[in-house]
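See structure below.
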Amino acid sequence: MKLAERLPGPPTEEDFDSPLRDERLTARIGVLLGICFGLAFVTGLISHLHYSPEPWLPLPSRPVWGYRVTQGLHVLSGTAAIPLLLVKLWSVYPKLFAEIPKGRIGTLVLNLVERASIGVLVAAAIFELASGLANSSQWYPWGFHFRATHYAIAWLAIGSLILHIAVKLPVIRRALGEPLTGPEPGPSYAGPSRRALLRTTWIASGVAVAAAAGNTVPFLRKVSVFAVRNGRGPEGIPINKSAKAADVVATALDSSFTLTLRRGAREVSLTRADLKAMTQRGHTLPIACVEGWSASGTWTGVRLRELLDLVDGPAGSDVEFRSLQQHGAFGHSLLPGNFADDPLTLLALRLNGEELSIDHGYPCRLIAPDRPGVFQTKWVHEIEVQA
Amino acid sequence: MKTRIALGAVGVTIAAFGALRFLQTGLANMAYSVAWLVGGVAIHDGLIAPATILLTLGARPLVPRAQRSIVTLAAVVLATVTVTAIPVLGRFGARSDNLTLLPRNYVAGWFVFAALVLVCALAAGLWSARVSSRRK
């Protein structure tokens, strides 16, 4: 109760008398938090590569569930980090009020630099978790460009985290080397033990993951009470952008629809009946979105490679897909050659045994293995083989 | 010490790359982002952390000593997991043209979650009371 006795006036570090706020607790939570941030960073880099028009590292089209797993891990490791970060920040909050050392100018500067670096780390960490969490439910309450900013701040967060580990290494070693318990708290203390708080923090983190993981893990669909998706939708698959939002209802349902295949001056036009007359193939492939949700469906349609052959598209050529969608950044997509040639890549006409619904991209859509959902272009009306 | 200096140098380099990428997003974008960067720290340090302390001080006299551990731990799970559910509880991203987005009743889901925490806390409380009475 020291804090209450001294009010009003700013607190000092010593006012925080809970025996739980201890470096042994902080360091243990920090280890798992570091793992979560590392996992989110690496899977985030993979997603960023998928989104790059010309990735410096070409991505494979297999395994088919690649992006489903990496992006699911990305969002879930961020979710797991939220309870961890909250408890960790709680455990070090008194340090905010620590006395700034007087005397030698060098010590003072070093102290201020360390404080500044922790300030950057905390700001970047909260920014990444808050913006990522909001984005996963398609809530964009900001004016910044999400992808570029979330990416830049991720590097800032990981860099300042590594610096923080370097600065604190002796403390971390000492704290992890010592047992979590002891010395016995004073008789006035009646709260939980450090071990109990630590275990509870793991549980909170695990519960947060379980409550969200049904977005992407089928057997958790019913358990995950805070999942943004439940795996259901037209033909059994959720959608991200509706035909109405993409403003394609009239053009997609137009009976005079034709698909144009193009390579240089060569051009072939196909009606939907022409597409249906070609060999139909069925493959089970996931739709996996950047928001961390995914669902697997059985898609039926024409193998893309067989369409490209109609205009003698050379093997390995990148392919541009154009949608009836006129607005927005994802009205077109560039499919790298190795994805275009993958025998599983389809121009789908049906999904899970039913005609493709308009929200899933009727008259036809691209579905390729191991690709972010936004690049599985819907309402395709032009396919152009790149030179 | 050498390890620490090397590690620190790696960290500074990576952070500098991030800062450079951030600069490349442009002034207007940076202004919007800085509000969030500073705002996140300000909301935590100036609002969430003091509110947690005040709530703890306020709740302390209301909770019997023997139950303080369990109540504290239940509150940690309840509060931190609820933070992860803010976007779905508020349904801020909901769209009338897409019923597959935010398809659940999240408020009902929260009560199920809260009830589960309560049941676990009660069970843990009973268990620890039994264990301590046996010791006596």
In terms of heavy-atom proximity below 4.5 Å to chain A, should [X] be classed as side chain, backbone, both, or neither?
{"X": "B/Pro50", "result": "both"}
{"X": "B/Phe113", "result": "side chain"}
{"X": "B/Asn105", "result": "neither"}

Would you say that more than 12 heavy atoms from the other residues, nucleotides or ligands in this model lie under 6.0 Å from the [atom1] of [X], or not?
{"X": "A/Arg115", "atom1": "CZ", "value": "yes"}
{"X": "B/Leu62", "atom1": "CG", "value": "yes"}
{"X": "B/Arg4", "atom1": "CZ", "value": "yes"}
{"X": "B/Tyr32", "atom1": "OH", "value": "no"}
{"X": "B/Phe111", "atom1": "CZ", "value": "no"}

Heavy-atom pair count under 4.5 Å with chain B, highest-scoring of [options]:
{"options": "A/Ser117, A/Ser137, A/Gly78, A/Gly233", "answer": "A/Ser137"}
{"options": "A/Leu86, A/Val228, A/Ile237", "answer": "A/Val228"}
{"options": "A/Ile158, A/Leu197, A/Val122, A/Leu84", "answer": "A/Leu197"}
{"options": "A/Ala130, A/Ser160, A/Ala134, A/Ala245", "answer": "A/Ala245"}
{"options": "A/Val87, A/Leu129, A/Leu163", "answer": "A/Leu163"}
{"options": "A/Pro192, A/Ala243, A/Ala123", "answer": "A/Pro192"}

Under 4.5 Å heavy-atom distance to chain B, tell me which part of [X] shows up: side chain, backbone, both or neither.
{"X": "A/Arg232", "value": "backbone"}
{"X": "A/Ile126", "value": "side chain"}
{"X": "A/Ala154", "value": "neither"}
{"X": "A/Ile153", "value": "side chain"}

Does a side-chain heavy-atom distance below 4.5 Å link [X] with [Y]?
{"X": "A/Trp155", "Y": "B/Leu20", "value": "no"}
{"X": "A/Leu156", "Y": "B/Phe22", "value": "no"}
{"X": "B/Thr100", "Y": "A/Pro234", "value": "yes"}
{"X": "B/Val81", "Y": "A/Phe226", "value": "yes"}

Inset, instruction - Heavy atoms only, distances under 4.5 angstrom: which of B/Val10, B/Asp45, B/Val112, B/Thr72 has the most pairs with chain A? Name it, please. - result: B/Asp45
Legend entry - Residue, of B/Leu37, B/Val41, B/Val77, that accumulates the most heavy atom pairs under 4.5 Å with chain A: B/Leu37
Using modelled atom types only, decide if a donor and an acceptor are shared between the side chain of [X] and the backbone of [Y] within a distance under 3.5 Å.
{"X": "B/Arg68", "Y": "A/Gly191", "result": "no"}
{"X": "B/Arg104", "Y": "A/Ser224", "result": "yes"}
{"X": "B/Thr25", "Y": "A/Thr149", "result": "no"}
{"X": "A/Tyr151", "Y": "B/Gly18", "result": "no"}

For a quick test of reading the model, state the closest non-hydrogen atom pair linking [X] to [Y] and the distance between them.
{"X": "A/Ser188", "Y": "B/Arg65", "value": "O-NH1, 3.3 Å"}
{"X": "B/Gly8", "Y": "A/Ala166", "value": "N-CB, 3.4 Å"}
{"X": "A/Phe127", "Y": "B/Ser33", "value": "CE1-O, 3.9 Å"}

To the nearest 0.5 angstrom, please state how far the [atom1] atom of [X] sits from the [atom2] atom of [Y].
{"X": "A/Trp90", "Y": "B/Thr56", "atom1": "CH2", "atom2": "OG1", "answer": "8.0 Å"}
{"X": "A/Tyr93", "Y": "B/Thr52", "atom1": "OH", "atom2": "OG1", "answer": "9.0 Å"}
{"X": "B/Asn29", "Y": "A/Phe146", "atom1": "CG", "atom2": "CZ", "answer": "12.0 Å"}
{"X": "A/Asn240", "Y": "B/Leu101", "atom1": "CG", "atom2": "CG", "answer": "7.5 Å"}
{"X": "A/Leu169", "Y": "B/Leu7", "atom1": "CG", "atom2": "CG", "answer": "7.0 Å"}
{"X": "B/His44", "Y": "A/Leu96", "atom1": "NE2", "atom2": "CG", "answer": "9.5 Å"}

Inset, instruction - Output the residues of residues 82-98 of chain B for which the shortest heavy-atom distance to chain A is under 4.5 Å, in residue-number order; output 'none' if no such residue exists. - result: B/Val83, B/Thr84, B/Ala85, B/Pro87, B/Val88, B/Phe92, B/Gly93, B/Arg95, B/Asp97, B/Asn98
Legend entry - Residue of the set A/Ile203, A/Thr200, A/Thr201 for which side chain to side chain contact (heavy atoms under 4.5 Å, CB included) holds with B/Leu73: A/Thr200
